[in-house]
Amino acid sequence: MKTHKVVAVLAAVGLGFGLSGAVQAQVSGQGGPVMVGGDAMHLEENTHTQVWNGRVEVKQDDARLRADNIRITFAPGEGGSGFGPVQVIEATGNVYYVTIENTIKSDQAVYTKTSDNLIFTGQVILTQKQNVMTGSRLVYQVTNKVTNFDNGNGRVKAIIYPDKKPAQ
């Protein structure tokens with residue numbers, strides 16, 4: 001079954017997307033509906049998870065999370081059946097997080113609803129226009145748009161280009 005058909009069927013019945021209420025997980029600080037697509041999807045009802053493989057993309061408002069594989073864990077739905085709000089999104093392999101302001105590339109990333117943080121690990125590269133920062137761990141507070149780079153297994157490095165001002 002093609003990915004767009006899988007997404008359309010899931011959206012129609014509200015499985016795993018919390019469509020009966022507001023979507024709580026955020027890859028964008030703006031909130032709103034979340035669209036997921038990939039080459040294949042495996043649904044595990046007992047553990048309330050969806051495992052997406054192959055060119056996976058999670059889109060919400062102006063943000064995109066892309067990776068080779070993404071696992072989404074949901075809270076149990078009302079009465080313990082079905083799927084409730086997203087709790088955790090785990091992305092592995094060629095991870096890219098793209099917003100209007102930044103692009104973050106890493107080996108893996110984990111979004112946790114309770115902290116509203118996206119944590120990128122591995123070889124992390126943050127670009128903003130010409131500016132580039134590298135390190136091994138970056139914590140991004142999605143709603144507040146706050147970024148913390150720490151050294152983890154090495155040093156944080158940056159190349160920063162000042163804005164060009166016209167000559168006077």
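Computed from heavy atoms alone, side chains included, the values below leave out hydrogens, waters and symmetry copies. For reference, positions follow the sequence shown, starting with 1.
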What's the separation between atom [atom1] in [X] and atom [atom2] in [Y], rounded to the nearest 0.5 Å?
X	Y	atom1	atom2	value
Ile72	Met41	CD1	CE	9.0 Å
Ser28	Lys145	OG	NZ	7.0 Å
Ile159	Thr127	CD1	OG1	12.0 Å
Thr112	Glu90	OG1	CD	8.0 Å
Asn131	Leu126	CG	CG	9.0 Å
Met133	Ile160	CE	CD1	6.0 Å

Here the side chain to side chain donor-acceptor pair (under 3.5 Å) pairs for residues 93-103, sequence neighbours left out, are Asp68-Asn94, Thr99-Glu101, Asn102-Gln128
Who else is in the cluster with [X] when I, L, V, M, F, W and Y are joined by side-chain contacts under 4.5 Å?
X	answer
Val88	Val110
Val132	Ile125
Ile100	none
Ile119	Val139

Nearest heavy-atom contact between Ser136 and Phe149 is N-CE2, 4.4 Å
For Pro85 and Lys113 the tightest heavy-atom approach is CB-NZ, 4.3 Å
Asp107 meets the side chain to side chain contact (heavy atoms under 4.5 Å, CB included) criterion, sequence neighbours left out, with Gln123
Taken in chain and number order and not counting sequence neighbours, the residues that satisfy side chain to side chain contact (heavy atoms under 4.5 Å, CB included) with Asn46 are none
Partners passing side chain to side chain donor-acceptor pair (under 3.5 Å) against [X] (at least two apart in sequence or in another chain):
X	result
Thr121	Gln108
Arg64	none
Thr147	none
Arg137	Asp150

Tell me, do [X] and [Y] make a side-chain contact under 4.5 Å, heavy atoms counted?
X	Y	answer
Tyr111	Asp116	yes
Val124	Thr134	no
Gln50	Phe74	yes
Ile70	Ile89	yes

Item to check | Backbone N/O of Ala40 and side chain of Asn53: donor-acceptor pair under 3.5 Å | outcome: no
- Does any N or O in the side chain of Gln60 come within less than 3.5 Å of the main-chain N or O of Val27, such that one atom is a donor and the other an acceptor? yes
Would you say [Y] and [X] are linked by a side-chain donor-acceptor pair, where the criterion is simply a distance under 3.5 Å?
X	Y	value
Thr73	Gln87	no
Thr47	Thr49	yes
Tyr140	Asn148	no

By salt bridge (Lys or Arg N to Asp or Glu O under 4.0 Å), Arg66 pairs with (sequence neighbours left out) none
Next item on the list: Would you check, one step at a time, whether the test side-chain contact (heavy atoms from CB on, under 4.5 Å) holds for Val95 with Leu65?
Entry: CA-CA 7 Å; Val95 176; Leu65 177 64; 3.9 Å; yes
